[in-house]
Amino acid sequence: MSGPTSVSTGRASPVTLSQPAALQSGTAAHQRRRHLPLGLFGLIGLLLVLELVPRIGLVSPAYLSPTSEIVKTLAGEVGRPSFWIAVWDTVRSWAIGLIIAVIAGTVVGLILGSVGFLRRLTSSLIEFLRPIPSVSLVPLAVLLYGNDIRSKLLLIVYAAFWQVLIQVMYGAHDVDPVAADTARSFRLGRLALLRHVTWPTVLPYFMTGVRLAASVALILAVTGELVIGAPGLGKEIAIAQSSAAIPLVYAYVVTTGLLGVLVNLGARAVERRVLSWHPSVRGEVAA
Amino acid sequence: MTWLLRRATSLAFIVGLPLVVFVALWFGTAGSTNFYLPSMQVIMDSLASDWLGSRLGDDVLPSLARLAMGYLLAAVLGVGLGVLVGLSRPVRQVLEPVLEFFRAIPPPVLVPVLILFAGIGTTMKVFVIASGAVWPILLNSVEGVRAVDPVQLDTARCYRFSRRALLRRVVLPAASPQIFAGLRQALSIAIILMVISEMFAATNGLGFAIVQLQRSFAIPEMWAGIVVLGLLGFVLSILFRFVEDRVLAWHRGLRRAERS
Amino acid sequence: APDSSKPTVIKIAETAGVPAAFLEYGEEKGLFKAQGLDLEIDTAAGGAAVIPGVVSGNYQFGGSNTTSVLLAASKGLPISLVAPGTFATDKTDEDFSAVLVAKDSPITSAQDLAGKKIAVNTLKNIGDVTIKAALEARGVDTSGIQFVELGFPDMLATLDAGRVDAAWEIEPFVSLGREQGFRPVLWPYVESKPSLQVGSYVASTKYVNERPKVVEAFQKGVAATAEAIASDPAGFRTALPTLQKVTPEAAQKMILPVWQAKCDLDSLSFMAEKMGKYGLSDGKIDLDKLVASGAAE
Amino acid sequence: MLEVRGLRKVYGGHGRTVEAVRDLTFELKAGELACLVGPSGCGKTTLLKCIAGLLAPTSGEVSVHGQRVAGPPADMAVVFQEYGRSLYPWMTVGANVELPLKEKRLVRARRRQLVTDSLAAVGLHDVENAYPWQLSGGMQQRVAIARALAYEPQVLLMDEPFAAVDAQTRADLEDLVRSVWQRFGITLLFVTHDIDEAVYLGERVIVLSASPTVVQHQVTVDLPTERDQLATRSLARFAELRAEIYQQIHQAKAASTADRLAAEALA
Amino acid sequence: MLEVRGLRKVYGGHGRTVEAVRDLTFELKAGELACLVGPSGCGKTTLLKCIAGLLAPTSGEVSVHGQRVAGPPADMAVVFQEYGRSLYPWMTVGANVELPLKEKRLVRARRRQLVTDSLAAVGLHDVENAYPWQLSGGMQQRVAIARALAYEPQVLLMDEPFAAVDAQTRADLEDLVRSVWQRFGITLLFVTHDIDEAVYLGERVIVLSASPTVVQHQVTVDLPTERDQLATRSLARFAELRAEIYQQIHQAKAASTADRLAAEALA
Ligand SMILES: Nc1ncnc2c1ncn2[C@@H]1O[C@H](COP(=O)(O)OP(=O)(O)OP(=O)(O)O)[C@@H](O)[C@H]1O
Ligand SMILES: Nc1ncnc2c1ncn2[C@@H]1O[C@H](COP(=O)(O)OP(=O)(O)OP(=O)(O)O)[C@@H](O)[C@H]1O
Ligand SMILES: O=[N+]([O-])[O-]
Ligand SMILES: [Mg+2]
Ligand SMILES: [Mg+2]
């Protein structure tokens with residue numbers, strides 16, 4: 001019911017906050033059409049700032065290339081197969097690593113989140129392992145797998161796994177007791193409880209976890225390539241850096257960022273579908 | 001008596017599994033000949049001699065200071081921006097792609113740009129930490145705010161709460177369970193970013209030392225450093241839980257009461 | 001023994017840029033093939049993976065800087081030095097590595113570096129060791145110098161902003177910096193020891209023991225490539241842009257390192273001694289054990 | 001004072017479009033107490049939300065104090081049907097009642113007094129320091145009522161406020177509401193599904209039809225102003241009024257069923 | 001069939017220890033329909049949760065079918081007071097009703113039929129595809145009832161199930177509950193705060209005292225089995241029973257007030 005938006009509520013104190021859906025003008029379709037351009041404005045604004053900062057001499061263009069230069073370089077790269085091979089290398093390891101992390105994180109998270117005993121038993125070990133950065137596992141990864149994709153995967157999975165795990169655990173812990181009591185009173189089995197009550201409650205947390213994991217995985221894919229030298233965008237960045245090709249560095253950085261935006265657009269679209277019933281989404285979809 | 005028993009069991013839960021894993025590793029790695037995977041005993045030796053000695057003041061403390069500053073900055077930014085973005089759809093629509101763009105840029109490639117603006121000192125490292133830790137806080141704040149019960153909001157609006165009161169009394173408390181989920185996640189990410197930030201332009205710090213040890217092939221010392229990282233995360237998470245238990249006492253109580 | 005009809009495939013990791021171009025040049029000219037080797041070259045973006053990769057057997061050979069190799073050896077890593085990599089020049093005003101200062105910096109000579117803040121890409125490695133050695137050779141007090149770790153690509157901007165006093169750069173950043181007005185005040189490699197052996201190829205001790213013929217073939221390939229470049233430097237410069245991400249202009253202008261057929265034991269013991277002196281290693285590095293047969297004269 | 005003119009509200013989305021309210025027009029004079037009855041799902045809550053400025057009508061308008069409602073008007077309090085969710089679980093009962101008073105910038109002493117008095121008025125003396133979730137359903141509902149009373153509103157909207165309390169308490173609360181209304185001259189719109197309650201409480205009863213909703217009927221309650229649970233309810237006029245309204249609601253439902261059957265026949 | 005013996009429940013924590021239920025002992029025969037009344041906050045919901053196996057008693061025990069209750073017993077359905085939260089917002093109304101039937105492994109056709117029938121029985125024909133949060137309070141409550149009915153339980157516990165529905169619908173639902181009870185021989189425990197409703201519905205009315213709660217009184221409702229909203233309610237015996245129970249509850253509250261005053265005087 002609450003489609004957060006800003007509406008002045010008149011008289012004494014103008015409060016800008018969540019308004020019932022009906023106060024929002026326009027139909028669902030209309031809003032969806034408006035959604036994209038608004039986001040584009042934001043991106044365009046950012047690009048403008050990045051164009052101006054080196055142009056007005058705030059930072060020397062030798063170190064921070066103006067947007068136009070980056071776009072030009074990027075346009076040149078896009079025509080090359082090697083660019084797409086690098087993108088593919090990164091995206092592939094990202095996707096595989098993410099899938100592994102999401103599945104493992106969800107399964108373990110659901111189990112730990114709903115079985116109090118196991119959660120208490122493992123919490124200290126988790127708190128111990130979680131802050132260990134993937135990057136410090138580089139020697140181990142290289143030792144085990146060299147600069148093979150599996151090295152990257154180890155780093156990606158290790159980093160992304162925790163994101164999903166923690167969110168899912170918090171979510172599984174947050175099941176509405178009345179909802180759970182209802183299920184129990186109808187003698188829903190463990191699996192049915194999981195599927196029909198726990199999982200829908202976890203879903204919003206899970207989606208946040210996946211979005212966090214997706215970007216952490218992308219970060220680790222690129223970082224892994226940078227540090228280990230496994231093929232992909234990160235390696236291209238490192239090579240461009242070491243040959244002082246500044247616009248090229250930024251072109252690859254921008255590519256990474258755009259990948260991130262794409263990933264999020266996808267996640268949002270999925271979210272709108274699977275969470276259409278949730279207060280955070282239903283206001284936005286309803287007229 | 002029961003109090004003592006409760007304390008004892010909760011302690012057993014905390015140390016139980018780590019102890020088992022430790023013992024397993026101790027015997028599993030005893031007599032290891034792999035240069036990169038030394039025996040637990042060697043690691044523990046270097047932990048005691050090296051890390052609990054001079055490095056504590058030289059490397060661990062400066063790291064902790066930067067960590068604290070970066071985490072605080074991330075928390076303020078994340079909650080502040082998160083509430084703003086969560087409350088207003090236009091703001092969300094404009095900012096989301098920009099935020100996602102930045103979120104996808106790996107800190108190691110962001111660092112050179114940060115160096116341009118923030119130099120190579122502590123400021124830069126604090127920004128690097130904040131730039132990574134802010135995301136879970138931001139995302140969870142946005143989602144937490146968006147999921148506030150509509151009836152609770154309607155109530156506040158009816159009583160014409162000021163904007164401030166609405167935020168402080170309704171939106172933030174209602175979103176606080178999820179905000180805390182984000183803060184907790186950010187804590188370990190901040191530690192990770194602390195390590196990454198110290199890979200650039202550093203002269204001391206826990207992350208710096210670990211990378212340095214790794215590069216100079218002091219492998220047992222490096223593993224000992226990683227253990228210190230883990231211990232650090234562990235201690236901080238206990239501190240965190242202490243705070244969380246107080247701030248979210250109502251939520252715990254609510255859930256427990258309803259479950260009892 | 002290498003079968004001449006079917007070349008032995010060798011996985012080798014080397015630093016991106018000019019060092020990797022060296023191997024690629026030799027491969028392209030068929031100089032390794034002539035020894036029955038087929039190189040599969042991995043350009044390591046960061047150096048972190050090379051030596052561990054060699055130890056674990058993911059690579060048969062790896063190129064790294066000499067200091068790192070000696071460090072690894074001093075910690076007891078089972079590796080052998082099988083061939084030389086790059087060498088510094090013997091000209092004290094023209095090398096592929098220099099300490100630069102900003103155009104308007106008050107620092108005008110190496111003497112002024114005392115007590116200053118200098119950026120190096122890796123602390124406690126070849127940069128600070130050779131800088132200290134070179135300055136001491138000139139009688140400068142190095143005790144007050146503060147080294148800061150910074151990536152080569154980030155140094156010029158940082159120098160420009162005045163956040164460090166000087167920066168130890170390598171090519172192509174040295175040429176690039178000089179074009180922009182940065183001034184070299186010290187040539188640490190050459191000035192600590194002319195024709196210093198900067199790079200080295202290593203293999204695991206186990207591999208050296210088990211496949212002496214392959215090692216020998218590799219040494220011959222390196223020697224032949226070094227010879228080819230020495231006899232036709234222009235040819236190498238022309239080939240550079242096709243091998244690595246180097247622009248043709250930079251390839252023509254940049255100062256190249258030197259390659260030689262055999263290791264320079266003097267360089268190695270010089271480096272080992274300085275490393276001991278500056279506390280990088282706890283003294284004794286057994287060079288006899290480290291350097292594989294056939295690697296040096 | 002409170003005018004509803006041509007109000008229409010259509011809910012859409014999620015594959016379900018409902019014309020909750022079709023065309024409502026009525027008016028409350030300042031200081032009047034009217035009860036609103038109508039079948040379940042006819043749009044009573046919807047109407048109240050529109051009056052409270054929480055929901056924008058599809059067409060038509062609401063005005064309070066002669067001003068068109070665009071957001072929650074000043075000095076209006078609402079007791080929500082979903083009482084449980086309208087209390088803040090992170091605050092004690094006392095803090096829940098006090099918070100709106102803080103927002104009204106009352107001084108501490110006055111606030112404390114209002115909190116204590118209003119909780120006592122709804123029969124909750126000793127729960128000030130409990131959390132809402134430590135209370136039974138009926139107790140929670142009374143806390144929500146106490147909060148509205150403590151606010152000392154000029155306009156009070158109550159949505160089935162006694163649904164979860166026992167008969168005895170309910171009778172007490174009914175008398176409380178009437179006495180508060182008389183004492184402070186509040187304008188009060190009271191939604192209930194209990195016809196006896198509507199007659200007992202109101203000066204007027206507005207009967208809504210089944211959805212799509214219009215005002216089906218209005219009955220002026222010509223009972224004496226001073227009311228008494230036993231005496232008033234046993235008046236003959238009480239029974240008449242009760243019967244009249246019952247009859248109207250029955251018709252409302254029948255009509256809607258007839259409508260539906262007719263529609264189905266056509267389809 | 002359903003036995004409650006010496007049941008005691010103390011809530012603790014958050015600086016507030018409440019002895020919600022002190023000592024309850026009563027019993028329901030198979031196929032009996034008993035109504036439970038008592039002042040707000042006296043522990044009716046608490047008792048129901050203990051019977052449903054959702055809450056462990058502090059002492060005493062509950063047994064169903066001669067078996068001690070440790071978890072939710074088979075073939076028991078519960079309609080919760082917090083109907084809103086007991087419906088799953090992520091499922092349509094139809095799916096909410098159908099879910100327990102799936103768990104019961106009924107075939108699809110049978111499930112569909114039960115869903116349609118039970119929704120129709122509570123007067124909701126056309127909301128199967130709506131989400132719970134698109135419905136009015138009273139409609140949500142009826143969905144919760146429909147879900148319990150569709151489950152075809154042997155034991156049915158209902159916690160103020162008609163609190164949010166209008167008088168007419170309420171009357172219809174009361175008759176529905178009685179007819180279902182008669183048809184299927186269900187054992188039914190029905191919590192209400194409406195004394196008339198308790199008398200009209202029940203074969204027996206159990207009156208609880210105010211907290212700390214004991215069984216204050218039990219009244220056998222010796223009205224004819226066939227009941228009719230108008231005829232039954234106008235019987236003299238109905239009025240007598242009603243008065244008796246009213247009297248008892250009044251006493252219960254008075255006693256608790258006296259207790260409290262005495263306690264305060266001592267303190
Ligand atoms: N989770 C809880 N924690 C602490 N106290 C509780 C809790 N739940 C209920 N109580 C207390 O127990 C007593 C009985 O509550 P219960 O909900 O059983 O009453 P009830 O008879 O159902 O009331 P109502 O008719 O208002 O629903 C109340 O005093 C209440 O404050
Ligand atoms: N958020 C919503 N989205 C879609 N439909 C809604 C929404 N809220 C209410 N409705 C529909 O509007 C109609 C009127 O609902 P409303 O809650 O106003 O009824 P009511 O008169 O208060 O009923 P009750 O007495 O049961 O509380 C119902 O058909 C309901 O299904
Ligand atoms: O684990 N990470 O380095 O993000
Ligand atoms: Mg309603
Ligand atoms: Mg109750």
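Every chain is numbered from 1, with letters handed out A, B, ... down the list of sequences. Keep in mind it's a predicted model, so treat the numbers as computed, not measured.
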Is chain B contacted by the side chain of D/Leu157, its backbone, both, or neither, given a heavy-atom distance below 4.5 Å?
neither

Interface residues of residues 90-101 of chain D facing chain B - non-hydrogen atoms under 4.5 Å apart
D/Trp90, D/Met91, D/Leu99, D/Pro100

Under a 4.5 Å cutoff for heavy-atom pairs, which residue among D/Ala77, D/Pro89, D/Pro132 has the most contacts with chain B?
D/Pro89

Rounding to 0.5 Å, atoms CG (B/Asp154) and CG (D/Leu55) come to a distance of 8.5 Å

Tell me the residues of residues 145-155 of chain D whose non-hydrogen atoms fall below 4.5 Å from those of chain B, in number order.
D/Arg147, D/Ala148, D/Tyr151

Minimum side-chain heavy-atom gap B/Arg169-D/Tyr88 below 4.5 Å
no

Step through the shown structure and confirm whether more than 12 heavy atoms of other residues, nucleotides or ligands are within 6.0 Å of CZ on D/Phe190.
yes

Are B/Ser162 and D/Glu103 close enough that a side-chain donor and a side-chain acceptor fall under 3.5 Å?
yes

Given heavy-atom pairs under 4.5 angstrom as the criterion, report whether the side chain, backbone, both or neither of D/Lys104 touches chain B.
neither

